[in-house]
Amino acid sequence: MQIKSKFDHFNINVFDLEKSLEFYKKALNLKEKKRREPEDGSFKLVYLGDDYIDFTLELTWLRDRKEPYNLGDNEIHLCIRVDNDYDETRAFHREMGCICYENQDMGLYFIEDPDGYWIEILKKS
């Protein structure tokens, strides 16, 4: 059997949902595509996307979470390719103070979200 599949979403848990929504809107222009909340208010799922593909980033907020997440070695990351001018985008992220690693020889850098997740930024291929 050959499975036919496609990526749908990637999930991260966030401590402060509003702060995360603001960051992803400002830094990457990701917009809320849908939201799920149970009647008891115990969690919120917010799906962010761009204007190009159906893949979404799911932000999960848990009401009973009392402290920020410990990401350990944080050896995972999301990667975004930017359509607009790469150098202008990097300068904007530098102004935001969210660049956490740069490798100019490889043509990439990483920004860090409010919870410590890293997002790799690449030029459009």
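For clarity, every value in this text was computed on a predicted model and none was experimentally measured.
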Inset, instruction - In sequence, state the C-alpha distance, the side-chain angles, and the governing distance for D54 and K6, and then conclude on salt bridge (charged side-chain N to carboxylate O under 4.0 Å, His left out). - result: CA-CA 10 Å; D54 293 332; K6 70 174 193 164; 3.6 Å; yes
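- With values rounded to the nearest 0.5 angstrom, Y24 atom OH is found 8.0 Å from L30 atom CG.
- In this structure, R65 forms a cation-pi arrangement with Y69, its terminal cationic atom sitting closer than 6.0 Å to the ring centre and no more than 45° off the ring axis.
- Taking the charged nitrogens against the carboxylate oxygens, K19 and D115 have no contact shorter than 4.0 Å, which rules out a salt bridge.
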Inset, instruction - Apply the test side chain to side chain contact (heavy atoms under 4.5 Å, CB included) to residues K31 and D51: give CA-CA distance (whole Å), side-chain angles for both, the deciding distance (0.1 Å), then the verdict. - result: CA-CA 9 Å; K31 302 167 187 77; D51 295 325; 3.1 Å; yes
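- Y86 is linked by a ring-ring contact (aromatic ring centres under 6.0 Å, His included) to Y109, counting only residues two or more places apart in sequence or in another chain.
- Of the possible polar contacts, none joining the R36 side chain to the L45 backbone as a donor-acceptor pair under 3.5 Å is found.
- Judged by distance alone, with hydrogens and angles left aside, the side-chain atoms of Y117 form a donor-acceptor pair with the main-chain N or O of N13 at under 3.5 Å.
- The CG atom of L59 sits 11.0 Å away from the NE2 atom of H9 when rounded to the nearest 0.5 Å.
- The shortest side-chain heavy-atom distance between L122 and I80 does not fall under the 4.5 Å cut-off.
- W61 places none of its side-chain heavy atoms less than 4.5 Å from the side chain of V46.
- Ion pair E18/K44 not flagged as a salt bridge, since none of the NZ, NE, NH1 or NH2 atoms sits closer than 4.0 Å to an Asp/Glu carboxylate oxygen.
- For the pair L21/V14, no side-chain contact is recorded, criterion being any heavy-atom separation below 4.5 Å from C-beta on.
- Here CG of N11 is found 8.0 Å from CG of L57. Values are rounded to the nearest 0.5 Å.
- Applying the ring-ring contact (aromatic ring centres under 6.0 Å, His included) criterion to F23, with sequence neighbours excluded, gives no partner residue.
- Going from atom CG of L17 over to atom CD of E22 covers 11.5 Å, rounded to the nearest 0.5 Å.
- Contacts of Y52 classified as side-chain contact (heavy atoms from CB on, under 4.5 Å), with partners at least two apart in sequence or in another chain: D50, D83.
- Between the side chains of S42 and D64, not a single donor N or O lies within less than 3.5 Å of an accepting N or O.
- If you take CG on D87 and CZ on R94, they are separated by 9.0 Å, rounding to the nearest 0.5 Å.
- Ring pair F110/W118 is tilted by interplanar angle, where 30° to 60° counts as tilted.
- T60 and E58 share a donor-acceptor pair across their side chains, judged by distance under 3.5 Å alone.
- Atom CD of Q2 has 12 or fewer heavy atoms from other residues, nucleotides or ligands within 6.0 Å.
- At distances below 3.5 Å, not a single donor-acceptor pair connects side-chain atoms of H93 with backbone N or O atoms of I111.
- Distance check, rounded to the nearest 0.5 Å: CG of N84 to NZ of K124 gives 10.5 Å.
- I12 is listed as a side-chain neighbour of F10, based on a closest heavy-atom distance under 4.5 Å.
- Taking the charged nitrogens against the carboxylate oxygens, E88 and R90 have no contact shorter than 4.0 Å, which rules out a salt bridge.
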